[in-house]
Amino acid sequence: MKTYDLSYISGIIHAKAVGNTNFKITYLSNDTRRIIDGLNTLFFALKTNTNDGHKFVLSAYNNGVRCFVVEHLPDKAAEMPEACFLIVENSLTALQILATAHRSSFNIPVIGITGSNGKTIVKEWLYQLLHRRIEITRSPKSYNSQIGVPLSVWNIDSNTRLGIFEAGISMPGEMAALEKMIQPTIGIFTNIGEAHQQHFTSLEQKASEKIKLFAHSDIIIFNRDNEIINKTVSETTGLNTFTWGYQEGCDVRILSIYKHAQNTTVHINIHSDHHRFEIPFIDDASIENVLHCLATCVYLKQEMNETIEGIQQLKPVEMRLFWKKAIHNSYLINDSYSNDLNSFKIALDYLYQQRQSNKLTVILSDVTESSTGNKAIYEQVVRLLKDGRINRLIAIGEQIARFRSLFENEGISTSEYPSTEAFIQALPGLTFNNENILLKGARRFRFERIANILELQTHETTLEINLTAITHNLKAYKNLLKPSTRLMVMVKAYGYGSGDAEVAKLLQFNHVDYLTVAYIDEGIALRKAGITLPIMVLNVEESGYNQLEQYNLEPEIFSFHQLNNFYSYCLQNGITQQGIHIKLDTGMHRLGFLPEETEALGKKIQEQNILFVKSAFTHFAASEDPDEDDFTHLQADLFIKSCNTLEEQIGYSFIKHCCNTAGIERHPQYHMGMVRLGVGLYEGNKKLPGGETTIPVGSLKATVAQIKHLQEGDTVGYNRRFKATKPTNVATIRIGYADGLRRSLGNNVGEVFINNHRAPIIGSVCMDMCMIDITNIPANVGDTAEIFGMHIPVKEVAQKCQTISYEILTGIGQRVKRVYIEE
Ligand SMILES: *Cc1c(COP(=O)(O)O)cnc(C)c1O
């Protein structure tokens, strides 16, 4: 990595420096969660629609950062005596100027990729095809935005011989800035579709914005059969093209594409040379992505045999990292799909950022192919491990073992094994306890065998929790709130079935204000997992009072009986001040003080002088129902009046809140001091008043155990509820009512989504299995079926069971493995 003097950076971005500029900068960061080497990091306080980085300057300082780019001095500058602040007009512009200057200092070929789909896959596959010959720096994951691109370009260093960066835009006018930073010499325009269309009037307009990425490129590579792109390219002057497609005149001309069951055969002509090759995929998107890569390799004059061989070995791009629960309270990330240092760094960042404890372990194979190994590479590995605060390394392979002393010199406890087999043999004697384990190995080491042993549950029925969707949905709802309205998130019932601690961690990272659980035990579990946010408990039982204090949980108080009880407990235990939340019953008639009781309630609290009202709230009975809006207004009215009475009696004010998810969406005038977000965070497929659509968080999935071919007259399942009227193919999948698949979904009521088709559930649902009709659907044993998720909305399933999403989400059985993914 390159190192810059801070004073030099200050000059480039035209900053006014406050403080000593005597620092060296290697890393850039805009996110306190991702800081690893604070002292050598320059933190950019960026203002986005949903957040203001200036709020996190102190937290970055406490993480060891000393250098900041800010738009004004932060509030607590006096608490950061060693800091240097570079004050600029706009922090994002400064970041982009710095990235542009960095990029300009390297005279190397750079591939810039844009288009509506496939950018990340084309980038990763080009990497797979080219990296053996040439040192490549590429965007991590899909870092392609106004912030992602500068952070990506920053990774170019003196070893880089080729850069591959993607550029994504969501609005007109954005591409020019990305072009300046990437300065692509070679352009790839993948395709044009509906993604991010809302700010564009037409696909043509979006295409003409995207093509600005190639304003100064030597060449642009694209599919000539794509009419919109072809038209846009030909209307732009000064572009040289290199094209592929069926049309005559394409540089890579397709003669035919045949799809087989597992792969695709392609015939092409390049000039007059004929080539034939196999692509190990059969879906159209993958074929298109491969052809972009092929054309690029041809343009770069890579040997055709080598390219064809590489294409045959292309692996699906694993764009998501998975957390799985593992043996002995540990968590496992299996990231054995790629094995370069860049992806290693990304995985380490993720491990650190999402850690569930501070014991961080890496299981790592030989990094390069040669038998001796390259010391410089292992020195980089050591640095990454150290920056990632890894305490334990398990090194597998003959090469990595030679460098043991490098690791030990840095205080990383290291054990080594000559092969994966040797490690597996030794495994029963090793201890793992409360660890966060990253599994990272070259393909030939076949680390999936280790993953299978370490993973706790082997039941393949999983509830995939998409953490990225949670972040997205949270932001979408935050956008509906005034800045002064606080956000409380309901994580009761295991985060609506999504796993409480994991979800709560993410919410804490995203700075929500409050969490709420139903029972004390749920609150204790969150504290044990390291949640420090304030937590409200809805339904406190007397036997748990002592734990409230121990775990710093705040009870809801809903009746005089409970108030008096709790007060006596506090008195007896010498507690002199205790925060509480008052629940008012304005019409739900579940729990709470009635409006006419609030005066007496206020008097009592005032006299007792121990309990401190942090907030008062009520719950709407029908905030989602337009027919009941009069009732909702009445409830809000009663609530406001009751709060006024309460405030008069106790003599101070408190946070007031009444909106649940539907209230947030439909009754913005009642957001008040705080709102309580619940199902909206998890459910998905909801178009919010702000125009954004929420993404489903949970996907329930099961695998095919067996396939049967039935004749007319054959029957399926208990009581022979399904009778075949024609030859029928049936798949048995591993999910039943004990997993939360309602029995009422049987007999053609429910469907699952498998291999791009919907398949009806036939016959009665069994306890652990059910059967689906896959006639005319290509499916194999081991294939995965989605019960609900991205393709089948949970709401649809709920409606078919005549219930609501809440009941479906919270009814997923505990034996279903929760898998956490980040996109
Ligand atoms: C569960 C709950 C909510 C959240 O309701 P949603 O409809 O899921 O948004 C809000 N307030 C209280 C008191 C709750 O119990």
Side-chain angles (χ1 to χ4, degrees), residues 470 473-474 476-478 480-481 485-498 500 503-504 507 512-520 522-523 526 534-540 553-559 562 580-593 614-626 628-629 631-632 635-636 638-639 642-643 654-668 670-686 688-689 694 696-698 794-795 798 803-811:
I470 293 186
N473 298 346
L474 190 70
Y477 277 97
K478 260 192 187 168
L480 302 182
L481 306 180
T485 303
R486 277 173 243 233
L487 180 59
M488 170 183 259
V489 177
M490 314 307 279
V491 291
K492 60 195 187 194
Y494 230 126
Y496 287 52
S498 305
D500 46 4
V503 173
L507 296 172
V512 309
D513 299 291
Y514 251 100
L515 296 178
T516 298
V517 295
Y519 292 99
I520 288 183
E522 296 177 325
L526 295 187
I535 298 176
M536 174 166 101
V537 186
L538 293 174
N539 209 329
V540 173
L553 305 171
E554 302 169 6
E556 161 188 327
I557 299 289
F558 52 79
S559 71
Q562 194 197 26
I580 57 170
H581 300 266
I582 296 293
K583 176 71 165 287
L584 297 169
D585 178 3
T586 55
M588 174 88 173
H589 298 324
R590 185 169 63 180
L591 296 177
F593 294 92
K614 295 193 105 173
S615 85
F617 67 108
T618 195
H619 196 46
F620 289 137
S623 55
E624 68 281 6
D625 187 351
E628 297 289 356
D629 279 351
F631 188 74
T632 302
Q635 279 196 282
L638 281 175
F639 176 59
S642 306
C643 286
F654 40 76
I655 306 172
K656 302 169 194 69
H657 46 117
C658 52
C659 284
N660 63 343
T661 299
I664 298 172
E665 294 164 13
R666 299 194 56 249
H667 303 288
Y670 301 138
H671 285 178
M672 304 186 191
M674 183 153 78
V675 294
R676 302 189 302 275
L677 179 63
V679 72
L681 185 63
Y682 311 97
E683 186 182 45
N685 295 310
K686 195 168 250 184
L688 298 183
T694 61
V697 165
V794 63
K795 193 164 186 172
T803 181
I804 49 180
S805 305
Y806 305 66
E807 196 181 350
I808 300 295
L809 290 170
T810 55

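Values in this document were obtained by computation on a predicted structure and should not be read as measured data. Counting starts at 1 for both ligands and their atoms, in listed order.
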Seminar exercise, completed: Within 4.0 Å of some non-hydrogen atom of Arg590, the atoms of ligand 1 are 15 (O)

Exercise. Which bit of Glu556 gets closer than 4.0 Å to ligand 1, counting heavy atoms only: side chain, backbone, both or neither?
Worked result: neither

Seminar exercise, completed: Here the gap from Phe558 atom CZ to Leu538 atom CG, rounded to the nearest 0.5 Å, amounts to 10.0 Å

Exercise. Would the number of heavy atoms belonging to other residues, nucleotides or ligands and lying under 6.0 Å from CZ of Arg486 be above 12?
Worked result: no

Problem set entry | Exam field: side chain Glu554 to backbone His581, donor-acceptor pair closer than 3.5 Å | no

For this session: Quick one: pull up NZ in Lys686 and OH in Tyr477 and give me the separation to the nearest 0.5 Å.
Result: 4.5 Å

Exercise. Do the side-chain N and O atoms of His657 and Ser615 include a donor-acceptor pair separated by under 3.5 angstrom?
Worked result: yes

Problem set entry | Numbering as shown, the atoms of ligand 1 that approach Tyr806 to under 4.0 Å (heavy-atom distance) | 6 (P), 7 (O), 8 (O)

Exercise. Tyr496 heavy atoms, cut-off 4.0 Å: which ligand 1 atoms fall inside?
Worked result: 1 (C), 4 (C), 5 (O), 6 (P), 8 (O)

For this session: In sequence, state the C-alpha distance, the side-chain angles, and the governing distance for Leu507 and Leu681, and then conclude on side chain to side chain contact (heavy atoms under 4.5 Å, CB included).
Result: CA-CA 11 Å; Leu507 296 172; Leu681 185 63; 4.0 Å; yes

Exercise. With respect to Met536, which candidate in Lys492, Met488, Lys614 satisfies the side-chain contact (heavy atoms from CB on, under 4.5 Å) definition?
Worked result: Met488

Problem set entry | Residue, atom name and distance, where the atom is the protein heavy atom closest to atom 11 (N) of ligand 1 | Arg676 NE, 2.7 Å

Exercise. What residue and heavy atom of the protein are closest to atom 5 (O) of ligand 1, and at what distance?
Worked result: Asn660 CB, 3.5 Å

Exercise. Can you tell me how far CG of Asp513 sits from CD1 of Ile655, rounded to the nearest 0.5 angstrom?
Worked result: 8.0 Å

Seminar exercise, completed: Check: of Lys583, Lys492, His619, min heavy-atom distance to atom 2 (C) of ligand 1 comes from Lys492

Problem set entry | Numbering as shown, the atoms of ligand 1 that approach Val679 to under 4.0 Å (heavy-atom distance) | 6 (P), 8 (O), 9 (O)

Exercise. Which protein non-hydrogen atom lies closest to atom 9 (O) of ligand 1, naming both residue and atom, and how far is it?
Worked result: Thr661 OG1, 2.4 Å

Seminar exercise, completed: Near Met490 (heavy-atom distance under 4.0 Å), the atoms of ligand 1 are 2 (C), 3 (C), 4 (C), 10 (C), 11 (N), 12 (C), 14 (C)

Exercise. Quick check: does any side chain N or O of Glu807 sit under 3.5 Å from a backbone N or O of Ile804, one acting as donor and the other as acceptor?
Worked result: no

Problem set entry | Contact check: Gly678 vs ligand 1, nitrogen or oxygen atoms, below 3.5 angstrom | yes

For this session: Enumerate the atoms of ligand 1 whose separation from the nearest heavy atom of Leu538 is less than 4.0 angstrom.
Result: 15 (O)

Problem set entry | Per-residue contact class, Thr516 against ligand 1 - non-hydrogen pairs under 4.0 Å | neither

